[in-house]
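Remember, it's 1-based here, ligands and their atoms both numbered in the order they're listed. The residues of the chain are indexed from 1 along the displayed sequence.
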Amino acid sequence: MTMELNGKRVVLGITGGIAAYKAAELVRLLVRQGAEVQVAMTEGAGHFVTATTFQALSGRPVFTDQWDARMPNAMAHIDLSRQADLILVAPASADFLARVAHGLADDLLATMVLARDCPLMVAPAMNRQMWENPATRRNVAQLAADGVGILGPASGEQACGEIGAGRMLEPEELLEAVLAFFTPKLLAGKNVLLTAGPTFEAVDPVRGITNLSSGRMGYALARAAQQAGAEVTLVSGPVALATPAGVTRVDVRSALDMQAAVMAKAGAADIFIAVAAVADYRVANAAEHKLKKDLGGVPPIELVENPDILAGVAALENGPFCVGFAAESQNLEAYAQAKRQKKQVPLIVGNLIQDGFGGDDNRLVLFDDNGVHPLPPASKSVLARQLIEHIATLTGAN
Ligand code: PMT
């Protein structure tokens with residue numbers, strides 16, 4: 001399966017700090033996404049973690065010494081940094097930030113950073129007083145001014161027991177930052193509005209009609225659009241997913257709530273992507289109090305049709321470019337084309353329920369004016385990236 005960082009070469013620098021143990025998970029995540037990871041450790045890092053761990057996880061020898069005899073030309077700093085698309089230092093200690101801010105080259109990692117011709121990102125990790133110290137503030141400001149990406153730190157409980165800013169971002173957050181870095185900004189300046197997840201149509205205060213949409217496809221698209229440079233608003237039905245970084249999320253429950261939230265934002269949107277599995281019907285006679293079994297007979301539930309949110313947005317004058325989804329259990333092409341026609345949208349994304357509902361992977365077929373475009377089966381994140389590229393091409397955004 002296609003991975004998101006295939007062919008990308010990342011040098012991961014690890015400096016001395018308790019958060020160094022989290023770098024092991026970061027290497028695993030980067031490698032799982034297809035990145036080639038070359039680890040370089042400072043001497044200080046070696047007091048917290050061993051090179052053996054990182055060699056095993058990255059599948060490559062780890063470098064710590066500028067004079068490493070494994071480099072035939074004795075130029076580890078040049079050779080390793082020239083091969084990189086990105087240098088990420090995580091954790092980056094206060095001492096390391098100070099050395100880089102001042103252009104020092106007193107160990108292999110600092111020398112690589114000074115000799116690099118690729119971007120540098122750092123994930124600071126230190127005690128909160130060290131982070132707040134005016135000297136560190138000056139160094140971080142200098143690094144930012146020099147174009148270094150500063151990732152975090154987060155606030156919270158620290159290894160020393162104190163509470164405050166200085167915790168390294170979690171490995172998953174750092175992976176997201178790396179993915180965002182490598183994503184072409186095809187939707188820069190665009191406003192993207194999405195719906196995702198199921199809706200929940202109340203029967204009484206505790207029961208309702210819903211479906212098995214997990215929200216994963218819509219959330220993956222929101223994340224891919226944000227990483228492609230768009231301003232993203234995600235109108236979400238009830239799901240158990242974390243909001244993608246940098247995305248504005250509006251939580252709703254019913255189709256009517258979803259329609260109101262979408263219509264409030266649609267005027268400002270350039271692109272609208274309707275991924276939600278919206279209930280076709282809602283309960284007209286929802287009970288104010290919990291329905292009781294002993295009332296005699298089966299409670300009558302009257303259904304009334306919900307408004308079609310996508311068709312409503314597509315009908316707006318000067319409205320956004322609209323993308324619909326169609327989940328079918330059979331006859332995908334015929335049903336998807338019929339939905340494209342009925343809702344009057346330029347692009348419908350078809351998927352089979354057995355491929356797409358719930359899980360992490362999917363298989364998408366795109367139907368637009370130019371024809372039918374099947375995408376190979378892949379994870380929802382990879383497909384989301386490909387779909388965003390297709391939308392950017394259709395809208396002339398890239
Ligand atoms: O959430 P996951 O578990 O990741 O699963 C993803 C998915 C399978 C739910 C998703 O990929 C998908 O196919 N979503 C659309 C589901 C569907 O078939 O919807 P529909 O046929 O009822 O509607 C067609 C289109 O109109 C959809 O874009 C839908 O969002 C939109 N619609 C439908 C009804 C309605 N009242 N308002 C709408 O906007």
Take atom NZ of Lys185 as the centre, draw a 6.0 Å sphere, and report whether it contains more than 12 heavy atoms from other residues, nucleotides or ligands. yes
Side chains of Thr183 and Arg385: donor-acceptor distance under 3.5 Å anywhere? yes
Please determine whether the number of non-hydrogen atoms from other residues, nucleotides or ligands lying under 6.0 Å from atom CD of Gln33 exceeds 12. yes
If you round to the nearest 0.5 Å, how far is CZ of Phe325 from CG of Leu310? 11.0 Å
Does NZ or CZ of Arg167 fall inside the cone over Trp131's six-membered ring, less than 6.0 Å from its centre and within 45° of the axis? no
Is a donor on one side and an acceptor on the other found under 3.5 Å between the side chain of Thr199 and the backbone of Ala279? yes
Which residue and heavy atom of the protein sit nearest atom 39 (O) of ligand 1, plus the separation: Leu310 N, 2.8 Å
Within the 4.0 Å heavy-atom shell around Arg216, which atoms of ligand 1 are there? 1 (O), 2 (P), 4 (O)
State if Lys380 counts as touching ligand 1 under the rule of any non-hydrogen atom under 4.0 Å. yes
Please indicate whether any nitrogen or oxygen in Gly215 is less than 3.5 Å from any nitrogen or oxygen in ligand 1. yes
Provide, to 0.1 Å, the distance between atom 27 (C) of ligand 1 and the closest protein heavy atom, together with that atom's residue and name. Phe325 O, 3.1 Å
Any nitrogen or oxygen of Gly324 lying under 3.5 Å from a nitrogen or oxygen in ligand 1? Just yes or no. no
When you measure from atom 14 (N) of ligand 1 to every protein heavy atom, which one gives the shortest distance, and what is it? Val275 O, 2.9 Å
Counting heavy atoms only, which part of Asn351 comes closer than 4.0 Å to ligand 1: side chain, backbone, both or neither? side chain
State whether Arg99 and Asp107 are salt-bridged, where the test is any N-O pair (Lys NZ or Arg NE/NH1/NH2 against Asp/Glu carboxylate O) under 4.0 Å. yes
Atom 16 (C) of ligand 1: of Ala327, Ala314, Cys322, the nearest heavy atom sits on Ala327
Between Asp308 and Lys339, does a salt bridge (Lys or Arg N to Asp or Glu O under 4.0 Å) hold up when you go through it step by step? CA-CA 12 Å; Asp308 190 319; Lys339 276 181 189 167; over 6 Å; no
Element-labelled atoms of ligand 1 that are located less than 4.0 Å from some non-hydrogen atom of Ala276: 15 (C), 29 (C), 30 (O)
Show the numbers, then the answer: is there a salt bridge (Lys or Arg N to Asp or Glu O under 4.0 Å) between Glu170 and Lys22? CA-CA 8 Å; Glu170 294 303 323; Lys22 292 188 185 177; 3.0 Å; yes
Evaluate the salt bridge (Lys or Arg N to Asp or Glu O under 4.0 Å) criterion for residues Arg223 and Glu176: first the C-alpha distance (whole Å), next the side-chain angles of each, then the deciding distance (0.1 Å), finally the verdict. CA-CA 9 Å; Arg223 167 177 169 263; Glu176 286 302 309; 2.6 Å; yes
Considering only the protein, which heavy-atom contact is closest to atom 28 (O) of ligand 1, and what is its distance? Ala274 O, 2.6 Å
Leu366 with Leu187, same ILVMFWY side-chain cluster at under 4.5 Å: yes
Close approach of Gly358 to ligand 1, heavy atoms, under 4.0 angstrom: yes
Hey, does Gly197 sit under 4.0 Å from ligand 1 if you only count heavy atoms? no
Atom 32 (N) of ligand 1 has as its nearest protein heavy atom Lys343 NZ, 3.8 Å
For Ser214, is at least one N or O under 3.5 Å away from an N or O on ligand 1? yes
Closest non-hydrogen protein atom to atom 34 (C) of ligand 1, residue and atom name please, with distance? Val278 CB, 3.7 Å
Protein contact to atom 21 (O) of ligand 1 [nearest heavy atom, distance to 0.1 Å]: Lys339 NZ, 2.3 Å
In this structure, does ligand 1 have an atom that sits under 4.0 Å from one of the heavy atoms of Ala255? no
Ser254 (side chain) donor-acceptor with Phe200 (main chain) under 3.5 angstrom: no
Which is it for Pro307 and ligand 1 at heavy atoms under 4.0 Å: side chain, backbone, both or neither? backbone
Are any of the N/O atoms on Ile309, whether in the backbone or the side chain, positioned under 3.5 angstrom from an N/O atom of ligand 1? yes
Among protein heavy atoms, which lies nearest atom 22 (O) of ligand 1, and at what distance? Asp280 OD1, 4.1 Å
Do Asp270 side-chain atoms and Asn191 backbone N/O form a donor-acceptor pair below 3.5 Å? yes
Candidates Ser213, Gly359, Ala196, Ala277; heavy atom nearest atom 1 (O) of ligand 1 found on Ser213
Which ligand 1 atoms are under 4.0 Å away from a heavy-atom of Asp308? 35 (C), 36 (N), 37 (N), 38 (C), 39 (O)
Is it true that Arg9 and Asp85 have a side-chain N and a carboxylate O under 4.0 angstrom from each other? yes
